[in-house]
There are 2 protein chains.
Amino acid sequence: MKYSIQFSDAIHIMLYIEIYQNTDYLSSTKIADSVQTNPVNVRKIMAQLKKSQLIQTQTGKANPKLTRSISQITLLDVYQSIEGNTNLIQVDPKTNVKCVVGANIQSVLEKQYDKLQETVESEMAKVTLDTLVKDLVIAEKQQRLDNDDIIQRYLK
Amino acid sequence: MKYSIQFSDAIHIMLYIEIYQNTDYLSSTKIADSVQTNPVNVRKIMAQLKKSQLIQTQTGKANPKLTRSISQITLLDVYQSIEGNTNLIQVDPKTNVKCVVGANIQSVLEKQYDKLQETVESEMAKVTLDTLVKDLVIAEKQQRLDNDDIIQRYLK
DNA sequence: TTAACCTGTATTTTTTAAAATTACACCATC
DNA sequence: GATGGTGTAATTTTAAAAAATACAGGTTAA
């Protein structure tokens, strides 16, 4: 089985929309080029972000917008938009109910995984996207690429 | 997301070895029947648990043993045995370095995911396998199957 | 001492969820 | 009305996990 990196891609898209606001680099094709995926996948992730009211879009117009400021959006908002209430750790759903272990392990583990999920989600709730943007421009500055305008915009 | 069923199966196997100790139900075939997987997979997981010194095994003998008591083994021990230091949440490794976002998002997210991993691992370290065994026999008791001996052994 | 049963591990095949592709109705802008 | 875009359904491709196959060699008991 392949594992999903949609969560990471969704964060990528959110930051991209913030940083490239008011430019003509906001089509799903341009975004897909940054994420290195295909435009349909970008639109699918954005459809999900829209449903969760994290972004606004308009059919036919390449101009998505965040619905609130990056200081008001957390990693948890994005996680729940993409993953719903799916836990990071999953039980094995097909254990043998004829065995005392197989019959009960699922509920036992589910309970533990729910608890672990709570702790990780409460940490996610503490991280806002403006922190990520700031970290991103600091990383960019250290590499000295040609984005002084963006660096200056967020580095204060 | 990393759908790690192996982690759940590894915990299953650990609890199984504890509960069925001193019986002749400890071959990889019997364990596989409880987990509902194949014996080779069980032996592969057990090879990993052995490498981490969580269990002892002997070639040719169907008699695996835990190396320490279940009160001395945590979920983190099992997690690290199976997953090493792989984070639960993964970055997208193929973002476009020609874009300011694509170039820096990986390191920015990696840092956040490392932090989330730390919090979830510190929670895992608090959960010992004896808690799981106890939860398991409580669940079994509520369902009233035919395992009074096992229930009595751990329910005190 | 040999037959039955087991482990450990390498290799190959199958499975399956994710991602990519294809397709297309319809919107926006020039 | 041509060009370029969104939204979404349907199909195909993909790659990682799991299963299956194979086999060398350990263990036990008749």
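Each chain gets a letter, A, B and so on, in the order the sequences are listed, and its residues count up from 1. Model, not experiment: these values are computed from the prediction. Values below: all heavy atoms of this structure, side chains included; hydrogens, waters and symmetry mates excluded.
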Inset, instruction - Give the B/S/- string for nucleotides 7-14 of chain C, one per nucleotide from 5' to 3', where a protein heavy atom under 4.0 Å of the base yields B, of only the sugar-phosphate yields S, and otherwise -. - result: BBBB----
Legend entry - Rounded interatomic separation in angstrom, taking NZ from A:K51 and P from D:dG7: 12 Å
Inset, instruction - Report yes if a side-chain nitrogen or oxygen of A:Q6 is closer than 4.0 Å to either non-bridging phosphate oxygen (OP1 or OP2) of C:dA18; otherwise report no. - result: no
Inset, instruction - Check for a donor-acceptor pair, side chain of A:E83 on one end and backbone N or O of A:Q80 on the other, with a separation under 3.5 Å. - result: no
Inset, instruction - Send over the distance from A:N38 CG to D:dG5 P, rounded to a whole Å. - result: 15 Å
Inset, instruction - Return the value, rounded to whole Å, for the distance between atom OH of A:Y25 and atom C1' of D:dG5. - result: 17 Å
Inset, instruction - Would you mind reading off the distance between B:K94 atom NZ and C:dA19 atom P, rounded to a whole angstrom? - result: 8 Å
Inset, instruction - Inspect the contact between A:R68 and A:D77 and indicate whether a charged nitrogen and a carboxylate oxygen are less than 4.0 angstrom apart. - result: yes
Legend entry - Length of the CG-C1' vector between B:D24 and D:dT27, whole Å: 15 Å
Legend entry - Atom pair distance, as rounded to whole Å: CG in B:D92 and C1' in C:dA20: 14 Å
Inset, instruction - Answer yes when B:E123 and B:K126 have at least one side-chain N-carboxylate O distance shorter than 4.0 Å, and no when they do not. - result: yes
Inset, instruction - Report the distance from atom CG of A:N41 to atom C1' of D:dT6, rounded to the nearest whole Å. - result: 15 Å
Legend entry - A:Y79 and A:F7 aromatic ring geometry - parallel, tilted or perpendicular at 30°/60° bounds: perpendicular
Legend entry - Under 3.5 Å: donor-acceptor pair, side chain of A:S52, backbone of A:Q48: yes
Inset, instruction - Send over the distance from B:K30 NZ to C:dC6 P, rounded to a whole Å. - result: 8 Å
Inset, instruction - To the nearest 0.5 Å, tell me how far A:K65 NZ sits from A:K50 NZ. - result: 13.5 Å
